[in-house]
Amino acid sequence: MPSTMKRIRSTDAVELENGDHCKLAGWLQEVRNLGGIAFLKVRDRYGVFQVVVLKKELGDDFDHIVNIPRESVITVEGKKQETDQTELGYEILPISIRIDSEAHKPLPLGVVDKVDAEMGTRFDNRFLDLRKEEKRTIFELRETLLRGLRDFFAKENFIEINTPKIAAAGAEGGATLFKVDYYGRDAYLAQSPQLYKQMLMGAGFERVYEIAPAYRAEDFDTIRHTSEFVSLDFEMSFIDSSEDVMDMTGRMVEHSLGYVVEHSSNMLEKLGVEIEIPKDPIKRIPHHECLEILEDLGKTWDEEPDVDTEGEKMLGLYVKENFDTEFFFITDFPSKLKQNTFYAMRKDDEPSLTTYFDLEYKGQELVSGGQREHRYEVLTGQMKDLGLELESFEHYLKSFKYGMPTHGGIGLGLDRFVQQMLDLENIREGILFPRDTSRLEP
RNA sequence: GCCCUGGUAGUGUAGUGGCCCAUCAUGUGGCCCUGUCGAGGCCACGACUCGGGUUCAAAUCCCGGCCGGGGCGCCA
């Protein structure tokens, strides 16, 4: 019978003396039955340990043990025996084996099968999919990245905030919002914390950041969009220009990626990923120069020239080849392209341009940000030009009437950050339970 | 929203008018095997997304439904 001995991790058993008794537990990954001897491969979060059972010692129990279905949860108590024939350098000679949870057969998705599964099958059985080490490693690394980001913001004296995810109106005009029933009233899931961040600048918080879900009811079907994603937003006051925001953004990326490399190099090795930490300052290329570069590269446009998806990829390769970096800012977005972003500040000396920028990472948009318009009259003017009803923004606009500092900030797609950092083919790989146009469960 | 593409055993696939009561692998079940680690050997089990149509004949062609994958627009 299992004793009251405490269960230890597979990797902690490495430290035990040869012959020590211990208790380990995990999922029975596979049984290698050779007839008179069988090897059980048991997996916990940290590794895979081996249990050796002999038929001549166990008799009928042997047949029972080797027939435990794969992926059942078992607890093994026994003696540690060192060996150079297993990955962890030891194996367990069991005294008792307890089945805590017998797995049904067949598995809807093999954990260590030699055949791949399609994404649909994998996400329908995500808990099984995540039993694979490389899938779980993605989320260990995602957590390290988050820790690195929070570490940066703490050092820079930002306050982590939480703003409402249900609101009466959308933050930005034109965006597609999910409608919900709020005690009989129409309400919408937040697609950005933008307006709240700005109101907190008016409240005197000076530096805030939020890491929270955002919702977009757009009909996209791509490898870089989901309907629910985690948005990292920061906002800072008393800036001189959007240069201050870009500088902060660059150092944020530099610090967080450096943090991942410093704390999780073993995990990166498991995935075979090498991370480039951007050199500060990150290269800035004005939007109009991007278009010139693209033209030189032979790109043509059917309509108004812009940095479209193809252009982003081309520019990503261009900076990689010419400047040996995976990062660059596209700056000075034309006002025409940012028309819906009513809070974007236009350049005083060149109103056809905004202070807005994107940060591109490996040829994909990662960050969007800039200096916000803090002058009440200018802001409301831009909103009127867009045809917005000022009344529905009453609470937002009020915060601009009684002392609003200059400010700016960014929004970063955390899932995209993970995707690009780890070279994941699809953004969904870095999301535990993704939501897209067709998937609402699990 | 527009465009492309797909749906065959639990899983992944081959087959694109008759050679198919459907290939291979993996899995599952059984038997053999005392050092396996992509274990090996032998045997067995298990499938054409749904509805309609064309045809002597449909997994295969056509129409529609349902469910996926991807591109663009847009965006993080």
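Lettering follows sequence order; numbering is per chain, from 1.
- Remark: C1' of rG73(B) and CD of Glu310(A) are 14 Å apart, rounded to the nearest angstrom.
- Here Val367(A) lies in heavy-atom contact (under 4.0 Å) with sugar-phosphate atoms only.
- Side chain Glu365(A) to base rC74(B): no donor-acceptor pair is found below 3.5 Å.
- When each of rG69(B), rU34(B), rA76(B) is scored by its nearest atom to the side-chain atoms of Thr226(A), the top-ranked nucleotide is rA76(B).
- Taking the ring axis of Phe323(A) as reference, the NZ or CZ atom of Lys283(A) stays within 45° of it and closer than 6.0 Å to the ring centre.
- Across all strands shown, Glu30(A) has heavy atoms under 4.0 Å from sugar-phosphate atoms exclusively, and none from any base.
- Rounded to an integer number of Å, the gap from Leu128(A) CG to rU11(B) C1' is 12 Å.
- Taking side-chain N and O atoms only, Lys114(A) has a distance below 4.0 Å to OP1 or OP2 of rG27(B).
- Taking a pair to require two hydrogen-bonding distances under 3.5 Å in either a Watson-Crick or a G-U wobble arrangement, rU34(B) remains unpaired.
- Using atom P as the reference point in both rG73(B) and rG64(B), the two lie 28 Å apart (nearest Å).
- Using a 4.0 Å heavy-atom cutoff across all strands shown, Leu54(A) reaches at least one base atom of the nucleic acid.
- Note: CD (Glu429(A)) to C1' (rG69(B)) measures 13 Å, nearest angstrom.
- The side chain of Arg416(A) lies closest to rA76(B), out of rU34(B), rG1(B), rA76(B).
- Across the interface with RNA chain B, nearest-nucleotide mapping of Asp221(A) and Leu109(A) shows Leu109(A) to be the residue nearer the 5′ end.
- Within a 6.0 Å sphere centred on CG of Asp60(A), other residues, nucleotides and ligands contribute 12 heavy atoms or fewer.
- Across the protein-nucleic acid pair, Arg216(A) atom CZ and rC75(B) atom P stand 9 Å apart, rounded to whole Å.
- Within the 4.0 angstrom heavy-atom criterion, base atoms lie near Lys41(A).
- Stacking of the aromatic ring of Phe39(A) onto the base of rG35(B) is not found under the criterion of centres within 5.5 Å and planes under 30°.
- A salt bridge is defined here as a Lys NZ or Arg NE, NH1 or NH2 lying under 4.0 Å from an Asp or Glu carboxylate O, and Arg45(A) with Glu140(A) meets this definition.
- A donor-acceptor contact under 3.5 Å is formed by the side chain of Glu91(A) with the base of rG35(B).
- Annotation: rC21(B) and rG12(B) have their P atoms spaced 25 Å apart (nearest Å).
- Pair assignment for rC21(B): none, as no Watson-Crick or G-U wobble contacts are both less than 3.5 Å.
- Taking atom NE2 of His104(A) as the reference point, atom P of rU28(B) lies 15 Å away to the nearest angstrom.
- An OP1 or OP2 oxygen of rG70(B) is reached within less than 4.0 angstrom by a side-chain nitrogen or oxygen of Asn426(A).
- Using a 4.0 Å heavy-atom distance criterion, Gly110(A) is classed as making no nucleic acid contact.
- Of the listed nucleotides (rG35(B), rC72(B), rG70(B)), rG35(B) has the atom at the smallest distance from the side chain of Gln85(A).
- Using C1' as the reference atom, rU23(B) and rU8(B) are 11 Å apart when rounded to the nearest Å.
- Atom pair Gln29(A):CD and rG27(B):P shows a separation of 13 Å (rounding to whole Å applied).
- For the P atom pair drawn from rC4(B) and rG27(B), the interatomic distance equals 40 Å after rounding to whole Å.
- Regarding Ile223(A), its CD1 atom lies at a distance of 17 Å from the P atom of rC74(B), rounded to whole Å.
- Using modelled atom types, no side-chain atom of Ser242(A) and backbone atom of Val245(A) make a donor-acceptor pair closer than 3.5 Å.
- Within the nucleic acid shown, Asp308(A) comes within 4.0 Å of sugar-phosphate atoms alone, with no base atom in reach, counting heavy atoms only.
- In this structure, Leu337(A) places its CG atom 13 Å from C1' of rC75(B), rounding to the nearest Å.
- Using N1 to N3 plus N6-O4 or O6-N4 for Watson-Crick, or N1-O2 and O6-N3 for G-U wobble, each under 3.5 Å, rG64(B) pairs with rC50(B).
- Electrostatic pairing of Arg122(A) and Asp124(A) does not count as a salt bridge here, judged by no charged N lying under 4.0 Å from a carboxylate O.
- rG1(B): Watson-Crick or G-U partner is rC72(B), with both key distances under 3.5 Å.
- Positionally, the nearest nucleotide of RNA chain B for Asp84(A) lies more toward the 5' end than for the other of Asp84(A) and His225(A).
- With distances taken from any side-chain atom of Phe220(A) to the nucleotides rC74(B), rG12(B), rG10(B), the minimum falls on rC74(B).
- Listed pair Thr121(A) / rU11(B) fails the phosphate criterion, with no side-chain N or O lying under 4.0 Å from OP1 or OP2.
- OP1 or OP2 of rU28(B) has at least one side-chain nitrogen or oxygen of Arg70(A) nearer than 4.0 Å.
- Using a 4.0 Å heavy-atom cutoff across all strands shown, Leu232(A) reaches no nucleic acid atom at all.
- Arg435(A) and Glu228(A) are not joined by a salt bridge, as no carboxylate oxygen comes within less than 4.0 angstrom of a charged side-chain nitrogen.
- Here the side chains of Thr121(A) and Glu118(A) are in contact, with some heavy-atom distance below 4.5 Å.
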Run His407(A) and Glu206(A) through side-chain contact (heavy atoms from CB on, under 4.5 Å) and show every step you take.
CA-CA 8 Å; His407(A) 64 279; Glu206(A) 297 202 14; over 6 Å; no

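- For the P atoms, the distance linking rU13(B) with rU26(B) amounts to 16 Å, nearest Å.
- Looking at heavy-atom distances under 4.0 Å, Glu425(A) makes no contact with the nucleic acid at all.
- Rounded to the nearest Å, the gap between the C1' atom of rG41(B) and that of rU55(B) is 48 Å.
- In this structure, Lys55(A) does not pair ionically with Asp61(A), as no charged nitrogen and carboxylate oxygen lie closer than 4.0 Å.
- Taking only side-chain nitrogens and oxygens, Lys313(A) comes nearer than 4.0 Å to OP1 or OP2 of rC72(B).
- For Thr309(A) and rG73(B), the shortest distance from a side-chain N or O to OP1 or OP2 is below 4.0 Å.
- Residue Asp113(A) has its side chain nearest to rG10(B) when only rG10(B), rG68(B), rG30(B) are considered.
- Across the P atoms, rU49(B) and rA14(B) are found 14 Å apart, a figure rounded to whole Å.
- Proximity note for Arg224(A) (side chain, C-beta onward) versus rG30(B), rC37(B), rC72(B): the nearest is rC72(B).
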Would Arg7(A) and Asp12(A) count as a salt bridge (Lys or Arg N to Asp or Glu O under 4.0 Å) if you check the C-alpha gap in whole Å, the side-chain angles of each, and the deciding distance to 0.1 Å?
CA-CA 10 Å; Arg7(A) 171 253 170 177; Asp12(A) 287 347; over 6 Å; no

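- A distance of about 31 Å separates the C1' atoms of rG10(B) and rG52(B), rounded to the whole Å.
- For rU34(B), the base has a donor-acceptor partner in the side chain of Lys56(A) [N/O atoms by modelled type, under 3.5 angstrom].
- At a threshold of 4.0 angstrom between heavy atoms, the contacts of Glu118(A) are confined to the sugar-phosphate backbone, with no base atom among them.
- Pair assignment for rC45(B) gives rG27(B), based on Watson-Crick or G-U wobble hydrogen-bonding distances that are each under 3.5 Å.
- The side chain of Leu34(A) has rU34(B) as its nearest neighbour among rU34(B), rU11(B), rA76(B).
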